[in-house]
Structure formats: structure tokens, C-alpha cells
Amino acid sequence: MARLMEHVRLPLLSREYLVQRVEEEILVKNSSACKDYLIEAMKYHLLPTEQRALMKSTRTKLRTPVSLPKLMMVVGGQAPKAIRSVECYDFKEERWHQVAELPSRRCRAGMVYMGGMVYAVGGFNGSLRVRTVDSYDPVKDQWTSVANMQDRRSTLGAAVLNGLLYAVGGFDGSTGIFAFTFC
């Protein structure tokens, strides 16, 4: 647990979350190294805002990419059935705009950004959980279907590690899935 917590940016979480959730976690309570990371985070919050920059570690560094535009995408959704709509918020311009729709209706999908592309992984189409994976190219404003997952799943986690896309857990319509898939 300590090897994992070493990479968690606890100081960047809210004080309330640290006290109400992290401090109460049994795995943190049972590890002196994890407690040290929690203490580091608490000390960070005790410092005045202007002095926090002096407390430098990998756990206090923001993950904001410097050269990329700051955008947020809302992909699919449910209104009341699954939809194809995709909207993008530009933080610099402070405005929303529509981008290309998904190839099919989808909600509860996993989302990741990897290699300049946005990936929608699995999800629910209003009738069934899906195994499809679609990638969005922001330069072409176009979605493309890529290789499907083995299992149908919605409400899943999706992440990128070492250039691989992982789909983790989810729900297949009847049971929770506790396996992961490489995409």
C-alpha cells in the first residue's frame, strides 16, 4: 500500500476529504509510511497558500499539461435514454461548443485521453451494455471505432498506463465485473 500511496497526490485533495475519508481508511491506519504521506498532506494544508509552493515533492505537483489547451469533454449521457451528443468546454474561451457525435448512443462509458485521442470505452446504449471502443480525433473532429473489448460493461473505470488503455471493473447487466481488459 505504501508503494502505491507514494504516487498519490494527497496534498492536492481537500482537507475535508483527507480527514473524512483518507484518515479513516484502515489500510492507511495500518501503515506507518501511509500515515507519513497523510501527515505530509495535512502539513501542506496548514501552510499559507503562498508558502505551499515551497513544499516541493511529486505529490504536490499539479498534473496540468503546460502546452495543451485546457478543455473538458462531456461524452454521451442519459436524457432519458442514452444519447450520442458530445460537448466540449474551452476554459480559456469560457464557452461550450458541440463536436462530432458518437457513432452510437452511449452513457456510463469509461473515458481516457491517450496519444492525442479521446477514447470512449464500453457503456450502456439504453438497452444493452456494450463492448465497443471509439476514439475521437480532435483535429479531424471525427469518431472512429477501434477494437472491441471481450466483455460488455458499463460504469467501468478506464485508465492509461505505459501507453496501454485499461478497462477495469464495471457492470455487465447482471453482475459486477472485477476483471480488467487491455485495449
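Sequential numbering from 1 along the given sequence is applied to the chain's residues.
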Check: So which heavy atom on G126 is nearest to which on A82, and how close?
Finding: N-CB, 3.8 Å

Side-chain donor-acceptor distances from residues 115-124 under 3.5 Å, at least two apart:
none

Note to self: As an exercise, state the distance from OG1 of T58 to CD of E6, rounded to the nearest 0.5 Å.
What the structure shows: 7.0 Å

Margin query: Quick check for you: to the nearest 0.5 Å, what is the distance between D134 atom CG and N148 atom CG?
Written below: 8.5 Å

Next item on the list: Please report the shortest heavy-atom distance between L156 and G110, naming the atom on each side.
Entry: CD2-N, 3.8 Å

Item checked: Contacts of E40 that satisfy salt bridge (charged side-chain N to carboxylate O under 4.0 Å, His left out) - sequence neighbours left out -> R59

Next item on the list: Mind listing the closest non-hydrogen atom pair of R95 and H97 along with its distance?
Entry: NH1-CB, 3.4 Å

Item checked: Test side chain to side chain donor-acceptor pair (under 3.5 Å) applied to T132 - qualifying residues, sequence neighbours left out -> R106

Margin query: Between W143 and A100 (side chain of the first, backbone of the second, donor and acceptor by atom type, cut-off under 3.5 Å), is there such a pair?
Written below: yes

Notebook entry, point to check: For the atom pair CG (D141) and SG (C88), what is the distance rounded to the nearest 0.5 Å?
Noted result: 9.5 Å

Notebook entry, point to check: In the single-linkage hydrophobic clustering (I, L, V, M, F, W, Y; side-chain heavy atoms under 4.5 Å), do V112 and M149 co-cluster?
Noted result: yes

Checklist line | Rounded distance (nearest 0.5 Å) linking atom CG of L38 with atom NZ of K35 | finding: 10.0 Å

Notebook entry, point to check: Between M73 and V86, does a side chain to side chain contact (heavy atoms under 4.5 Å, CB included) hold up when you go through it step by step?
Noted result: CA-CA 7 Å; M73 289 182 72; V86 181; 3.5 Å; yes

Notebook entry, point to check: Which heavy atom of L10 sits nearest a heavy atom of M5, and at what distance?
Noted result: CD1-CE, 3.6 Å

Check: Does a side-chain N-to-carboxylate-O contact under 4.0 Å join R153 and D151?
Finding: yes

Margin query: Working note: F171 + I177, criterion side chain to side chain contact (heavy atoms under 4.5 Å, CB included); need CA distance, chi angles, decisive distance, verdict.
Written below: CA-CA 6 Å; F171 182 67; I177 300 172; over 6 Å; no

Checklist line | Heavy-atom donor-acceptor pair, R52 side chain to Y44 backbone, under 3.5 Å | finding: yes

Check: Which pair of non-hydrogen atoms, one from L12 and one from T60, has the smallest distance, and what is that distance?
Finding: CD2-O, 3.8 Å

Next item on the list: Quick one: list whatever passes side-chain contact (heavy atoms from CB on, under 4.5 Å) with P48, sequence neighbours left out.
Entry: E50, Q51

Note to self: Nearest 0.5 angstrom please: Q78 CD to C107 SG, how far?
What the structure shows: 4.0 Å

Next item on the list: Kindly compute the distance separating OH (Y136) from CE (M111), expressed to the nearest 0.5 Å.
Entry: 11.0 Å

Note to self: Applying a strict under-4.5 Å side-chain criterion to I, L, V, M, F, W and Y, I'd like to know whether V74 and F91 cluster together.
What the structure shows: yes

Notebook entry, point to check: Among all residues two or more places apart in sequence or in another chain, which pass the side-chain contact (heavy atoms from CB on, under 4.5 Å) test with R152?
Noted result: R129, R131

Notebook entry, point to check: Does atom CD of Q98 have more than 12 heavy-atom neighbours from other groups under 6.0 Å away?
Noted result: yes

Next item on the list: Provide the closest heavy-atom pair for V146 versus S135 in the form atom of the first, atom of the second, distance.
Entry: CG1-OG, 3.9 Å

Under 3.5 Å, which donor-acceptor pairs link side chains of residues 13-29 to any protein atom two or more places apart or in another chain?
residue : atom : partner : partner atom : Å
S14     : OG   : Y17     : N            : 3.1
E25     : OE2  : L27     : N            : 3.4

Notebook entry, point to check: Is R105 close to I83 at the side-chain level, that is, under 4.5 Å between some pair of heavy atoms?
Noted result: no

